[in-house]
> 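Shown below is the structure under consideration.
Throughout, numbering of the chain's residues begins at 1 and tracks the sequence. The figures that follow rest on heavy atoms only: side chains count, while hydrogens, waters and symmetry mates do not. The model shown is predicted, which means the values in this text are computed figures rather than measured ones.
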Amino acid sequence: MLYKRNEAGNRLLADIAEEAADETIIQFLRMTEEDFEYMLQKITPKICKQDTYMKKAITVRERLIIGLRFIATGENFKSLQFLFRVSPSTIRKIVPKVCDALIEITVCVLLEEDRLLAVFKAFSINDCPGHVSPQ
């Protein structure tokens, strides 16, 4: 499977990249191309892997697309395997790392823009069960 992925390339990803079709990305990942590129820029240092002598690493773009496709559709790892030509065990490792990185960059963006306080106020965190008062 890996040989086929490397030999023929991942045609789906290539087709999405070739078509500068914002509509394709919106339908496939449920987000705009600008949002995708912004996420890719922010997440690259967190999920980047090095190539080794034994194999080429799955690119950050592919990792992010796999993670976003899982989040957007909830497809199981077996169907993602056929879609991306990546083994389910590898997908099982990629998805949690992408999700953790997305949470981390989202919180950082919210903190930078002072939106986190507004989110806490909107959900009135003080009224949540298990909330411990600082007093």
> Grab the two heavy atoms, one from G67 and one from V98, that are nearest each other, plus how far apart they are.
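So the minimum-distance heavy-atom pair works out to CA-CG1, 4.0 Å.
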> How far does CD1 of I94 sit from CD1 of I65, to the nearest 0.5 angstrom?
11.5 Å
> Counting C-beta onward and ignoring hydrogens, is there a side-chain heavy-atom pair between V86 and Q81 closer than 4.5 Å?
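Counting from C-beta outward, V86 and Q81 never come under 4.5 Å.
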> Can you tell me how far the CG atom of L64 sits from the OG1 atom of T44, to the nearest 0.5 Å?
8.0 Å
> Quick one: list whatever passes side chain to side chain contact (heavy atoms under 4.5 Å, CB included) with C48, sequence neighbours left out.
V60
> In Å, rounded to the nearest 0.5 Å, how long is the span from CD1 of I47 to CG of L102?
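So the gap between those two atoms works out to 7.5 Å.
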> Measuring only between side-chain heavy atoms, which start at C-beta, is I58 closer than 4.5 Å to T90?
yes
> List for me each residue that meets side chain to side chain donor-acceptor pair (under 3.5 Å) alongside T52, sequence neighbours excluded, and say none if there are none.
none
> Filter on salt bridge (charged side-chain N to carboxylate O under 4.0 Å, His left out), then keep only pairs touching residues 65-82, sequence neighbours left out; what's left?
R69-E75
> For K42, enumerate each residue passing the side chain to side chain contact (heavy atoms under 4.5 Å, CB included) test, keeping only those at least two apart in sequence or located in another chain.
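Only Y38, I105 meet the side chain to side chain contact (heavy atoms under 4.5 Å, CB included) criterion with K42.
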> Please name all residues satisfying side chain to side chain donor-acceptor pair (under 3.5 Å) with D35, sequence neighbours left out, ordered by chain then number.
T32
> Would you say that T59 contacts R63 through its side chain, given a criterion of any heavy-atom pair below 4.5 Å between the two side chains?
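In short, these two side chains do not touch, never coming nearer than 4.5 Å.
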> Provide the full list of salt bridge (charged side-chain N to carboxylate O under 4.0 Å, His left out) pairs with a residue in residues 93-107, sequence neighbours left out, each pair given once.
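Only K46-E104 qualify under salt bridge (charged side-chain N to carboxylate O under 4.0 Å, His left out).
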> Kindly write out the residues that satisfy salt bridge (charged side-chain N to carboxylate O under 4.0 Å, His left out) with K49, not counting sequence neighbours, or none if the list is empty.
none
> Going by the rule side chain to side chain contact (heavy atoms under 4.5 Å, CB included), which residues pair with F77 if we only count those two or more places apart in sequence or in a different chain?
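So F77 forms a side chain to side chain contact (heavy atoms under 4.5 Å, CB included) with F70, L80, P88, I91, R92, V95.
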> For side-chain contact (heavy atoms from CB on, under 4.5 Å), just list the numbers for R61 and F36, CA-CA rounded to whole Å, side-chain angles, deciding distance to a tenth of an Å, and then say yes or no.
CA-CA 9 Å; R61 179 175 290 274; F36 176 77; 3.1 Å; yes
